[in-house]
Number of protein chains: 2
Amino acid sequence: MLSSLSYAILALLATKPQSGYDIARQMRPPLGLLWQAKHGQIYPELARLVKLGLVEVERIDKQSGPPRRVHTITAAGRSELTRWIVKSPQARPANDEFVIKAYALRRVPLGAATSLLNDQIQTHEHRIAALEQLHQAFVSRNTKATAFDSPRFGEYAALRRAIGFEREHAAWCRWLLSELTATEKPGRKGVRQPAVGRSSAARRK
Amino acid sequence: MLSSLSYAILALLATKPQSGYDIARQMRPPLGLLWQAKHGQIYPELARLVKLGLVEVERIDKQSGPPRRVHTITAAGRSELTRWIVKSPQARPANDEFVIKAYALRRVPLGAATSLLNDQIQTHEHRIAALEQLHQAFVSRNTKATAFDSPRFGEYAALRRAIGFEREHAAWCRWLLSELTATEKPGRKGVRQPAVGRSSAARRK
DNA sequence: GATACCATGTAAGTCGTTACATGATTAT
DNA sequence: ATAATCATGTAACGACTTACATGGTATC
(Lines give C-alpha, C1' and ligand atoms only; values in the text may rest on other atoms or scores of the structure.)
Protein backbone atom coordinates (compact mmCIF):
# COMPACT_ATOMS: atom_id res chain seq x y z
CA MET A 1 0.00 0.00 0.00
CA LEU A 2 1.10 3.55 -0.76
CA SER A 3 1.23 6.51 1.63
CA SER A 4 -1.14 9.48 1.45
CA LEU A 5 1.78 11.56 0.27
CA SER A 6 2.19 9.28 -2.75
CA TYR A 7 -1.40 9.89 -3.76
CA ALA A 8 -1.01 13.63 -3.25
CA ILE A 9 1.99 13.53 -5.61
CA LEU A 10 0.07 11.46 -8.16
CA ALA A 11 -2.84 13.93 -7.95
CA LEU A 12 -0.50 16.83 -8.72
CA LEU A 13 1.22 14.98 -11.56
CA ALA A 14 -2.20 14.08 -13.01
CA THR A 15 -2.70 17.77 -13.84
CA LYS A 16 0.69 18.17 -15.55
CA PRO A 17 4.27 16.82 -15.55
CA GLN A 18 6.37 18.50 -12.87
CA SER A 19 9.73 18.41 -11.13
CA GLY A 20 10.22 17.45 -7.50
CA TYR A 21 10.88 21.08 -6.76
CA ASP A 22 7.56 22.12 -8.31
CA ILE A 23 5.76 19.60 -6.14
CA ALA A 24 7.63 20.68 -3.03
CA ARG A 25 6.70 24.31 -3.74
CA GLN A 26 2.98 23.47 -3.89
CA MET A 27 3.22 21.42 -0.69
CA ARG A 28 5.23 23.98 1.24
CA PRO A 29 3.84 24.97 4.64
CA PRO A 30 1.89 26.98 5.53
CA LEU A 31 0.09 27.44 2.21
CA GLY A 32 0.15 23.89 0.87
CA LEU A 33 -3.60 23.40 0.49
CA LEU A 34 -3.61 19.90 -0.91
CA TRP A 35 -1.00 18.31 1.35
CA GLN A 36 1.97 19.65 3.28
CA ALA A 37 5.39 18.04 3.07
CA LYS A 38 9.05 19.02 2.87
CA HIS A 39 11.39 18.22 0.01
CA GLY A 40 13.27 15.80 2.27
CA GLN A 41 10.24 13.54 2.12
CA ILE A 42 9.13 14.29 -1.43
CA TYR A 43 12.29 13.36 -3.35
CA PRO A 44 12.60 9.83 -1.90
CA GLU A 45 8.85 9.28 -2.37
CA LEU A 46 9.06 10.31 -6.02
CA ALA A 47 11.95 7.89 -6.55
CA ARG A 48 9.80 5.15 -5.06
CA LEU A 49 6.90 5.94 -7.41
CA VAL A 50 9.30 5.77 -10.37
CA LYS A 51 10.56 2.39 -9.20
CA LEU A 52 6.94 1.17 -8.97
CA GLY A 53 6.22 2.30 -12.54
CA LEU A 54 3.53 4.78 -11.50
CA VAL A 55 5.65 7.75 -12.57
CA GLU A 56 8.23 8.30 -15.30
CA VAL A 57 11.11 10.74 -15.11
CA GLU A 58 12.81 12.71 -17.88
CA ARG A 59 16.18 14.22 -17.11
CA ILE A 60 16.79 17.64 -18.60
CA ASP A 61 20.42 18.75 -18.39
CA LYS A 62 21.22 22.39 -17.87
CA GLN A 63 24.47 24.33 -18.20
CA SER A 64 24.57 24.85 -14.44
CA GLY A 65 23.50 23.09 -11.28
CA PRO A 66 21.76 19.71 -10.97
CA PRO A 67 19.71 18.52 -13.96
CA ARG A 68 15.98 19.24 -13.79
CA ARG A 69 14.04 16.00 -13.44
CA VAL A 70 10.51 16.27 -14.85
CA HIS A 71 8.11 13.60 -13.63
CA THR A 72 5.11 12.36 -15.59
CA ILE A 73 2.32 10.10 -14.31
CA THR A 74 1.96 6.81 -16.22
CA ALA A 75 -1.25 5.01 -17.18
CA ALA A 76 -0.65 2.66 -14.24
CA GLY A 77 -0.29 5.70 -11.98
CA ARG A 78 -3.57 7.17 -13.16
CA SER A 79 -5.50 3.96 -12.63
CA GLU A 80 -3.95 3.48 -9.18
CA LEU A 81 -5.00 7.03 -8.28
CA THR A 82 -8.61 6.60 -9.39
CA ARG A 83 -8.78 3.19 -7.71
CA TRP A 84 -7.69 4.79 -4.42
CA ILE A 85 -9.99 7.81 -4.67
CA VAL A 86 -13.23 5.87 -4.93
CA LYS A 87 -12.72 3.71 -1.83
CA SER A 88 -13.94 5.40 1.33
CA PRO A 89 -11.24 6.55 3.73
CA GLN A 90 -11.16 6.31 7.48
CA ALA A 91 -10.86 9.77 9.01
CA ARG A 92 -7.45 10.99 10.07
CA PRO A 93 -6.71 11.86 13.73
CA ALA A 94 -6.35 15.62 13.12
CA ASN A 95 -4.46 16.30 16.34
CA ASP A 96 -4.10 19.99 17.07
CA GLU A 97 -1.65 21.32 19.65
CA PHE A 98 -3.84 24.30 20.38
CA VAL A 99 -6.64 22.10 21.71
CA ILE A 100 -4.28 20.93 24.47
CA LYS A 101 -3.55 24.54 25.34
CA ALA A 102 -7.26 25.35 25.45
CA TYR A 103 -7.92 22.26 27.55
CA ALA A 104 -5.59 23.46 30.30
CA LEU A 105 -5.99 27.18 29.69
CA ARG A 106 -7.66 27.88 33.04
CA ARG A 107 -4.42 26.82 34.75
CA VAL A 108 -2.49 29.84 33.48
CA PRO A 109 -2.86 33.49 34.56
CA LEU A 110 -5.76 35.28 32.85
CA GLY A 111 -3.51 37.89 31.28
CA ALA A 112 -1.25 35.28 29.68
CA ALA A 113 -4.27 33.34 28.45
CA THR A 114 -5.78 36.46 26.91
CA SER A 115 -2.65 37.40 25.03
CA LEU A 116 -2.19 33.82 23.83
CA LEU A 117 -5.70 33.86 22.37
CA ASN A 118 -5.24 37.29 20.82
CA ASP A 119 -2.00 36.13 19.20
CA GLN A 120 -3.72 33.07 17.85
CA ILE A 121 -6.69 35.02 16.52
CA GLN A 122 -4.42 37.48 14.77
CA THR A 123 -2.39 34.68 13.18
CA HIS A 124 -5.56 33.13 11.86
CA GLU A 125 -6.91 36.44 10.56
CA HIS A 126 -3.71 36.87 8.57
CA ARG A 127 -3.98 33.40 7.16
CA ILE A 128 -7.62 33.95 6.26
CA ALA A 129 -6.74 37.21 4.50
CA ALA A 130 -4.05 35.45 2.45
CA LEU A 131 -6.42 32.65 1.52
CA GLU A 132 -9.21 35.06 0.60
CA GLN A 133 -6.82 36.87 -1.69
CA LEU A 134 -6.14 33.59 -3.46
CA HIS A 135 -9.87 33.04 -3.64
CA GLN A 136 -10.42 36.46 -5.18
CA ALA A 137 -7.72 35.80 -7.73
CA PHE A 138 -9.39 32.53 -8.61
CA VAL A 139 -12.89 33.91 -9.05
CA SER A 140 -11.97 37.10 -10.88
CA ARG A 141 -9.37 35.63 -13.23
CA ASN A 142 -11.63 33.02 -14.70
CA THR A 143 -15.14 32.30 -13.50
CA LYS A 144 -15.15 28.93 -15.21
CA ALA A 145 -12.19 27.73 -13.14
CA THR A 146 -14.56 27.21 -10.21
CA ALA A 147 -16.83 24.75 -12.05
CA PHE A 148 -16.59 21.05 -11.22
CA ASP A 149 -15.43 20.07 -14.69
CA SER A 150 -12.73 22.74 -14.85
CA PRO A 151 -9.15 21.43 -14.67
CA ARG A 152 -8.53 23.77 -11.73
CA PHE A 153 -11.59 22.73 -9.70
CA GLY A 154 -9.43 20.62 -7.38
CA GLU A 155 -7.37 23.60 -6.34
CA TYR A 156 -10.51 25.64 -5.84
CA ALA A 157 -12.11 22.96 -3.65
CA ALA A 158 -8.99 22.67 -1.49
CA LEU A 159 -8.92 26.44 -1.13
CA ARG A 160 -12.57 26.63 -0.03
CA ARG A 161 -11.94 23.91 2.52
CA ALA A 162 -8.90 25.74 3.90
CA ILE A 163 -10.87 28.99 4.23
CA GLY A 164 -13.75 27.22 5.96
CA PHE A 165 -11.47 25.52 8.43
CA GLU A 166 -9.48 28.63 9.24
CA ARG A 167 -12.70 30.54 9.87
CA GLU A 168 -14.04 27.79 12.09
CA HIS A 169 -10.83 27.74 14.09
CA ALA A 170 -10.81 31.52 14.44
CA ALA A 171 -14.45 31.48 15.57
CA TRP A 172 -13.60 28.88 18.21
CA CYS A 173 -10.70 31.03 19.47
CA ARG A 174 -13.00 34.06 19.70
CA TRP A 175 -15.50 31.97 21.65
CA LEU A 176 -12.74 30.93 24.06
CA LEU A 177 -11.76 34.56 24.50
CA SER A 178 -15.35 35.60 25.18
CA GLU A 179 -15.72 32.88 27.82
CA LEU A 180 -12.50 33.97 29.44
CA THR A 181 -13.53 37.62 29.38
CA ALA A 182 -16.90 36.75 30.92
CA THR A 183 -15.03 35.13 33.82
CA GLU A 184 -12.74 38.11 34.26
CA LYS A 185 -15.64 40.60 34.31
CA PRO A 186 -18.69 38.66 35.48
CA GLY A 187 -20.96 41.72 35.08
CA ARG A 188 -20.69 41.64 31.29
CA LYS A 189 -22.87 38.70 30.48
CA GLY A 190 -23.68 40.18 27.07
CA VAL A 191 -20.38 39.03 25.54
CA ARG A 192 -21.17 35.37 26.28
CA GLN A 193 -22.18 33.58 23.12
CA PRO A 194 -25.05 31.10 22.96
CA ALA A 195 -24.65 27.34 23.19
CA VAL A 196 -23.84 25.35 20.06
CA GLY A 197 -26.69 25.92 17.63
CA ARG A 198 -27.36 24.60 14.15
CA SER A 199 -24.54 24.21 11.69
CA SER A 200 -23.52 27.06 9.43
CA ALA A 201 -24.58 24.96 6.45
CA ALA A 202 -28.08 24.62 7.87
CA ARG A 203 -28.20 28.34 8.55
CA ARG A 204 -27.01 29.06 5.03
CA LYS A 205 -30.27 27.69 3.64
CA MET B 1 11.91 19.73 24.27
CA LEU B 2 8.89 17.49 24.88
CA SER B 3 6.43 16.17 22.31
CA SER B 4 2.84 17.38 22.02
CA LEU B 5 1.72 14.03 23.35
CA SER B 6 3.67 14.67 26.54
CA TYR B 7 1.80 17.91 27.11
CA ALA B 8 -1.52 16.24 26.37
CA ILE B 9 -0.67 13.64 29.03
CA LEU B 10 0.36 16.34 31.51
CA ALA B 11 -2.90 18.21 30.80
CA LEU B 12 -4.92 15.10 31.61
CA LEU B 13 -2.90 14.33 34.75
CA ALA B 14 -3.35 17.96 35.88
CA THR B 15 -7.06 17.23 36.37
CA LYS B 16 -6.49 14.06 38.41
CA PRO B 17 -4.04 11.16 38.91
CA GLN B 18 -4.63 8.43 36.37
CA SER B 19 -3.24 5.18 35.01
CA GLY B 20 -1.80 4.76 31.53
CA TYR B 21 -4.90 2.83 30.64
CA ASP B 22 -7.15 5.72 31.72
CA ILE B 23 -5.15 8.09 29.55
CA ALA B 24 -5.23 5.71 26.59
CA ARG B 25 -9.01 5.42 26.94
CA GLN B 26 -9.49 9.20 26.73
CA MET B 27 -7.15 9.42 23.74
CA ARG B 28 -8.69 6.53 21.87
CA PRO B 29 -9.72 7.24 18.27
CA PRO B 30 -12.16 8.30 17.01
CA LEU B 31 -13.53 10.10 20.08
CA GLY B 32 -10.31 11.35 21.65
CA LEU B 33 -11.14 15.05 21.64
CA LEU B 34 -8.01 16.37 23.31
CA TRP B 35 -5.44 14.27 21.46
CA GLN B 36 -5.50 10.88 19.79
CA ALA B 37 -2.88 8.24 20.50
CA LYS B 38 -2.59 4.50 21.04
CA HIS B 39 -1.35 2.81 24.19
CA GLY B 40 1.75 1.68 22.31
CA GLN B 41 2.87 5.28 22.30
CA ILE B 42 1.43 6.36 25.64
CA TYR B 43 3.15 3.87 27.96
CA PRO B 44 6.69 4.67 26.79
CA GLU B 45 5.93 8.40 26.88
CA LEU B 46 4.65 8.13 30.47
CA ALA B 47 7.82 6.30 31.46
CA ARG B 48 9.83 9.12 29.97
CA LEU B 49 7.89 11.75 31.92
CA VAL B 50 8.54 9.81 35.12
CA LYS B 51 12.26 9.68 34.33
CA LEU B 52 12.22 13.47 33.80
CA GLY B 53 10.54 14.02 37.17
CA LEU B 54 7.43 15.63 35.68
CA VAL B 55 5.24 12.71 36.75
CA GLU B 56 5.29 10.33 39.72
CA VAL B 57 3.98 6.80 39.67
CA GLU B 58 2.42 4.75 42.46
CA ARG B 59 2.22 1.04 41.95
CA ILE B 60 -0.94 -0.60 43.24
CA ASP B 61 -0.75 -4.40 43.38
CA LYS B 62 -3.83 -6.43 42.68
CA GLN B 63 -4.57 -10.12 43.21
CA SER B 64 -4.61 -10.69 39.47
CA GLY B 65 -3.02 -9.33 36.32
CA PRO B 66 -0.44 -6.55 36.07
CA PRO B 67 -0.31 -4.00 38.92
CA ARG B 68 -2.21 -0.79 38.30
CA ARG B 69 0.22 2.12 37.96
CA VAL B 70 -1.37 5.44 38.96
CA HIS B 71 0.47 8.50 37.66
CA THR B 72 0.43 11.89 39.36
CA ILE B 73 1.75 15.18 37.95
CA THR B 74 4.51 16.78 40.03
CA ALA B 75 5.04 20.49 40.78
CA ALA B 76 7.75 20.49 38.10
CA GLY B 77 5.25 18.92 35.67
CA ARG B 78 2.67 21.60 36.38
CA SER B 79 5.09 24.45 35.86
CA GLU B 80 6.42 22.90 32.65
CA LEU B 81 2.84 22.60 31.40
CA THR B 82 1.91 26.21 32.13
CA ARG B 83 5.24 27.41 30.70
CA TRP B 84 4.45 25.59 27.44
CA ILE B 85 0.83 26.74 27.21
CA VAL B 86 1.56 30.46 27.28
CA LYS B 87 4.08 30.49 24.43
CA SER B 88 2.40 30.81 21.03
CA PRO B 89 2.48 27.71 18.88
CA GLN B 90 3.12 27.44 15.15
CA ALA B 91 0.16 25.90 13.40
CA ARG B 92 0.21 22.19 12.64
CA PRO B 93 0.07 20.90 9.05
CA ALA B 94 -3.42 19.38 9.37
CA ASN B 95 -3.13 17.10 6.36
CA ASP B 96 -6.40 15.46 5.39
CA GLU B 97 -6.56 12.53 2.99
CA PHE B 98 -9.99 13.52 1.80
CA VAL B 99 -8.72 16.79 0.35
CA ILE B 100 -6.54 14.78 -2.04
CA LYS B 101 -9.59 12.81 -3.11
CA ALA B 102 -11.57 16.00 -3.67
CA TYR B 103 -8.66 17.50 -5.59
CA ALA B 104 -8.71 14.71 -8.15
CA LEU B 105 -12.41 13.88 -7.89
CA ARG B 106 -13.27 14.96 -11.42
CA ARG B 107 -11.00 12.16 -12.70
CA VAL B 108 -13.33 9.40 -11.47
CA PRO B 109 -16.77 8.43 -12.85
CA LEU B 110 -19.59 10.68 -11.61
CA GLY B 111 -21.46 7.79 -10.00
CA ALA B 112 -18.45 6.68 -7.97
CA ALA B 113 -17.74 10.27 -6.92
CA THR B 114 -21.33 10.74 -5.80
CA SER B 115 -21.39 7.61 -3.66
CA LEU B 116 -18.00 8.50 -2.16
CA LEU B 117 -19.35 11.88 -1.11
CA ASN B 118 -22.59 10.40 0.23
CA ASP B 119 -20.59 7.88 2.26
CA GLN B 120 -18.42 10.62 3.64
CA ILE B 121 -21.37 12.85 4.51
CA GLN B 122 -23.11 10.01 6.30
CA THR B 123 -19.99 9.17 8.29
CA HIS B 124 -19.71 12.78 9.40
CA GLU B 125 -23.40 13.00 10.27
CA HIS B 126 -22.97 10.01 12.56
CA ARG B 127 -19.94 11.55 14.20
CA ILE B 128 -21.75 14.84 14.66
CA ALA B 129 -24.70 13.06 16.25
CA ALA B 130 -22.39 11.27 18.70
CA LEU B 131 -20.62 14.53 19.59
CA GLU B 132 -23.91 16.37 20.02
CA GLN B 133 -25.07 13.70 22.40
CA LEU B 134 -21.95 14.30 24.48
CA HIS B 135 -22.69 18.00 24.31
CA GLN B 136 -26.24 17.48 25.50
CA ALA B 137 -25.01 15.36 28.39
CA PHE B 138 -22.60 18.11 29.31
CA VAL B 139 -25.09 20.95 29.28
CA SER B 140 -27.96 19.15 30.95
CA ARG B 141 -25.97 17.38 33.68
CA ASN B 142 -24.44 20.51 35.07
CA THR B 143 -24.77 23.94 33.55
CA LYS B 144 -21.82 25.22 35.49
CA ALA B 145 -19.49 22.68 33.87
CA THR B 146 -19.46 24.85 30.75
CA ALA B 147 -18.10 27.97 32.53
CA PHE B 148 -14.47 28.93 32.00
CA ASP B 149 -13.55 28.44 35.65
CA SER B 150 -15.17 25.01 35.89
CA PRO B 151 -12.74 22.08 36.21
CA ARG B 152 -14.40 20.50 33.17
CA PHE B 153 -14.23 23.55 30.92
CA GLY B 154 -11.28 22.07 29.00
CA GLU B 155 -13.29 19.04 27.96
CA TYR B 156 -16.18 21.26 26.97
CA ALA B 157 -13.97 23.51 24.83
CA ALA B 158 -12.42 20.51 23.06
CA LEU B 159 -15.93 19.15 22.41
CA ARG B 160 -17.17 22.41 20.91
CA ARG B 161 -14.15 22.56 18.66
CA ALA B 162 -14.71 18.99 17.48
CA ILE B 163 -18.37 19.72 16.69
CA GLY B 164 -17.49 22.88 14.81
CA PHE B 165 -14.88 21.12 12.72
CA GLU B 166 -17.07 18.17 11.90
CA ARG B 167 -19.85 20.49 10.79
CA GLU B 168 -17.49 22.51 8.65
CA HIS B 169 -16.18 19.36 7.01
CA ALA B 170 -19.69 18.05 6.38
CA ALA B 171 -20.73 21.39 4.89
CA TRP B 172 -17.74 21.27 2.55
CA CYS B 173 -18.67 17.75 1.44
CA ARG B 174 -22.23 18.87 0.75
CA TRP B 175 -20.91 21.76 -1.30
CA LEU B 176 -18.75 19.35 -3.31
CA LEU B 177 -21.79 17.17 -3.92
CA SER B 178 -23.89 20.13 -5.05
CA GLU B 179 -21.17 21.20 -7.51
CA LEU B 180 -20.96 17.68 -8.84
CA THR B 181 -24.74 17.43 -9.18
CA ALA B 182 -24.85 20.75 -11.00
CA THR B 183 -22.40 19.32 -13.55
CA GLU B 184 -24.40 16.14 -13.97
CA LYS B 185 -27.68 17.99 -14.51
CA PRO B 186 -26.78 21.43 -15.85
CA GLY B 187 -30.41 22.57 -15.92
CA ARG B 188 -30.66 22.59 -12.12
CA LYS B 189 -28.69 25.68 -11.32
CA GLY B 190 -30.69 26.21 -8.13
CA VAL B 191 -28.73 23.63 -6.19
CA ARG B 192 -25.47 25.52 -6.72
CA GLN B 193 -24.45 27.33 -3.58
CA PRO B 194 -23.05 30.88 -3.59
CA ALA B 195 -19.37 31.75 -3.47
CA VAL B 196 -17.61 31.91 -0.11
CA GLY B 197 -19.34 34.62 1.90
CA ARG B 198 -18.68 36.08 5.32
CA SER B 199 -17.61 33.80 8.14
CA SER B 200 -20.16 32.13 10.36
CA ALA B 201 -18.75 34.08 13.29
CA ALA B 202 -19.38 37.35 11.50
CA ARG B 203 -22.89 36.26 10.63
CA ARG B 204 -23.53 35.26 14.23
CA LYS B 205 -23.32 38.91 15.27
C1' DG C 1 28.20 41.24 0.34
C1' DA C 2 23.84 39.17 1.95
C1' DT C 3 19.59 37.15 1.13
C1' DA C 4 16.37 34.59 -1.50
C1' DC C 5 15.24 31.39 -4.97
C1' DC C 6 16.27 27.42 -8.15
C1' DA C 7 17.31 22.46 -7.79
C1' DT C 8 18.57 17.96 -6.07
C1' DG C 9 19.60 14.64 -2.89
C1' DT C 10 20.90 11.93 1.91
C1' DA C 11 21.21 10.93 7.07
C1' DA C 12 19.86 11.02 11.72
C1' DG C 13 16.39 11.23 14.65
C1' DT C 14 11.48 11.70 16.36
C1' DC C 15 6.60 10.71 16.07
C1' DG C 16 3.16 7.40 15.43
C1' DT C 17 0.94 2.78 14.01
C1' DT C 18 0.50 -2.04 14.09
C1' DA C 19 1.44 -6.19 15.88
C1' DC C 20 3.32 -9.19 19.40
C1' DA C 21 2.98 -10.79 24.20
C1' DT C 22 0.43 -11.87 28.58
C1' DG C 23 -3.43 -12.78 31.51
C1' DA C 24 -7.75 -11.90 34.58
C1' DT C 25 -12.78 -10.37 34.60
C1' DT C 26 -17.33 -9.51 32.89
C1' DA C 27 -21.09 -9.80 29.79
C1' DT C 28 -23.79 -12.24 25.95
C1' DA D 1 -17.75 -20.51 24.58
C1' DT D 2 -16.79 -16.01 22.58
C1' DA D 3 -16.06 -11.42 22.81
C1' DA D 4 -15.21 -7.17 25.17
C1' DT D 5 -12.90 -4.73 28.69
C1' DC D 6 -9.29 -4.19 32.13
C1' DA D 7 -4.20 -3.60 32.27
C1' DT D 8 0.63 -3.37 31.03
C1' DG D 9 4.42 -3.43 28.23
C1' DT D 10 7.90 -4.09 23.79
C1' DA D 11 9.45 -4.48 18.78
C1' DA D 12 9.34 -3.49 14.04
C1' DC D 13 8.14 -0.51 10.84
C1' DG D 14 6.51 3.64 8.42
C1' DA D 15 5.79 8.76 8.28
C1' DC D 16 7.77 13.05 8.91
C1' DT D 17 11.20 16.76 10.40
C1' DT D 18 15.54 18.79 10.61
C1' DA D 19 19.91 19.23 9.28
C1' DC D 20 23.70 18.25 6.19
C1' DA D 21 25.56 18.74 1.50
C1' DT D 22 26.19 21.16 -3.02
C1' DG D 23 26.18 24.92 -6.23
C1' DG D 24 24.32 28.30 -9.74
C1' DT D 25 21.31 32.76 -10.51
C1' DA D 26 19.02 36.90 -9.34
C1' DT D 27 17.87 40.78 -6.42
C1' DC D 28 18.79 44.41 -2.87
Side-chain angles (χ1 to χ4, degrees), chain A residues 1-9 17-32 34-52 55 57-71 89-97 100, chain B residues 1-9 17-32 34-52 55 57-71 89-97 100:
Chain A
M1 226 207 278
L2 298 174
S3 63
S4 298
L5 173 61
S6 290
Y7 292 108
I9 290 173
Q18 292 172 73
S19 69
Y21 186 84
D22 293 333
I23 293 168
R25 188 157 32 76
Q26 289 164 87
M27 293 193 180
R28 182 153 41 205
L31 281 174
L34 174 65
W35 193 263
Q36 298 192 191
K38 314 287 178 69
H39 78 271
Q41 195 186 3
I42 291 164
Y43 286 117
E45 200 67 37
L46 262 174
R48 209 173 137 239
L49 292 173
V50 171
K51 199 151 56 180
L52 289 170
V55 161
V57 60
E58 191 198 358
R59 186 182 156 153
I60 297 172
D61 288 296
K62 302 178 302 178
Q63 309 90 303
S64 68
R68 189 176 147 86
R69 294 167 62 82
V70 177
H71 295 76
Q90 27 263 47
R92 298 274 80 202
N95 283 336
D96 179 355
E97 252 190 13
I100 306 173
Chain B
M1 224 206 279
L2 298 173
S3 63
S4 299
L5 173 61
S6 291
Y7 292 108
I9 291 172
Q18 291 172 77
S19 69
Y21 187 84
D22 293 332
I23 293 168
R25 189 159 30 75
Q26 290 164 86
M27 293 193 180
R28 182 153 42 206
L31 282 175
L34 174 65
W35 193 261
Q36 299 192 189
K38 315 287 179 66
H39 77 271
Q41 196 184 4
I42 291 164
Y43 286 117
E45 200 67 36
L46 262 173
R48 210 173 136 239
L49 291 173
V50 170
K51 199 150 57 179
L52 290 170
V55 161
V57 60
E58 191 197 358
R59 187 183 155 150
I60 297 171
D61 288 296
K62 303 178 301 178
Q63 310 87 307
S64 67
R68 189 176 147 85
R69 294 167 61 84
V70 176
H71 295 76
Q90 27 262 50
R92 298 273 81 202
N95 283 336
D96 179 355
E97 251 189 14
I100 306 173

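Here is the naming used below: chain letters follow the sequence lines, and residue numbers restart at 1 for every chain. The model shown is predicted, which means the values in this text are computed figures rather than measured ones.
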>> Considering every strand and a 4.0 Å limit on heavy-atom distances, what is the contact class for Ser4(B): base, sugar-phosphate, or nothing?
In response: nothing

Rounded to the nearest 0.5 Å, the CH2 atom of Trp35(B) sits from the CG atom of Leu5(B) at a distance of 7.5 Å

When rounded to whole Å, the CE to P distance for the pair Met27(B) and dC15(C) reads 14 Å

- Query: Within the pair Tyr21(A) and dT8(C), is there a side-chain N or O less than 4.0 Å away from OP1 or OP2?
  - Reply: no

Side-chain contact check for Leu5(B): nearest option of dT18(C), dG16(C), dA19(C) is dG16(C)

From OH of Tyr43(A) across to C1' of dT10(C) the rounded distance in Å is 13 Å

d(Gln18(B) CD, Leu46(B) CG) to nearest 0.5 Å is 10.0 Å

DNA chain C nearest-nucleotide lookup for Arg68(A) and Pro44(A): closer to the 5′ end is Arg68(A)

Lys62(A) atom NZ is separated from dT25(D) atom P, nearest whole Å, by 9 Å

note: Gln18(B), atom CD; dT8(D), atom P; distance rounded to Å ~ 11 Å

The nucleotide from dT8(C), dT18(C), dT10(D) with an atom nearest the side chain of His39(A) is dT8(C)

Please determine whether a side-chain nitrogen of the Lys or Arg among Arg69(A) and Asp22(A) lies less than 4.0 Å from a carboxylate oxygen of the Asp or Glu. no

Whole-Å distance, Arg69(B) CZ to dA7(D) P, equals 14 Å

Rounded to whole Å, the CD-C1' distance (Glu45(A) to dG14(D)) equals 10 Å

*asked:* Take a 6.0 Å sphere around NZ of Lys62(A) and say whether it holds more than 12 heavy atoms from other residues, nucleotides or ligands.
replied: yes

Which of dT8(D), dG16(C), dA15(D) is nearest the side chain of Ser3(A)? It is dA15(D)

Taken to the nearest whole Å, CG/Asp22(B) to P/dG9(D) is 13 Å

Gln26(A) CD to dC5(C) P, in whole Å, measures 16 Å

dist Lys51(A):NZ -> Arg48(A):CZ (nearest 0.5 Å) comes out at 8.5 Å

Practice item. Using a heavy-atom cut-off of under 4.0 Å over every strand shown, decide if Gly40(A) touches base, sugar-phosphate, or nothing. Key: base

Exercise. Counting only side-chain N and O atoms of Gln41(B), is one of them less than 4.0 Å from OP1 or OP2 of dC15(C)?
Worked result: no

Of the candidates dT10(C), dT8(C), dC16(D), the side chain of Trp35(A) sits closest to dC16(D)

* Asked: Hey, does the side chain of Lys38(A) come within less than 4.0 Å of dT18(D)'s phosphate (OP1/OP2), counting only N and O?
  -> yes

Judged by nearest nucleotide, the residue sitting upstream toward the 5' end of DNA chain D, Pro29(A) or Arg25(B), is Arg25(B)

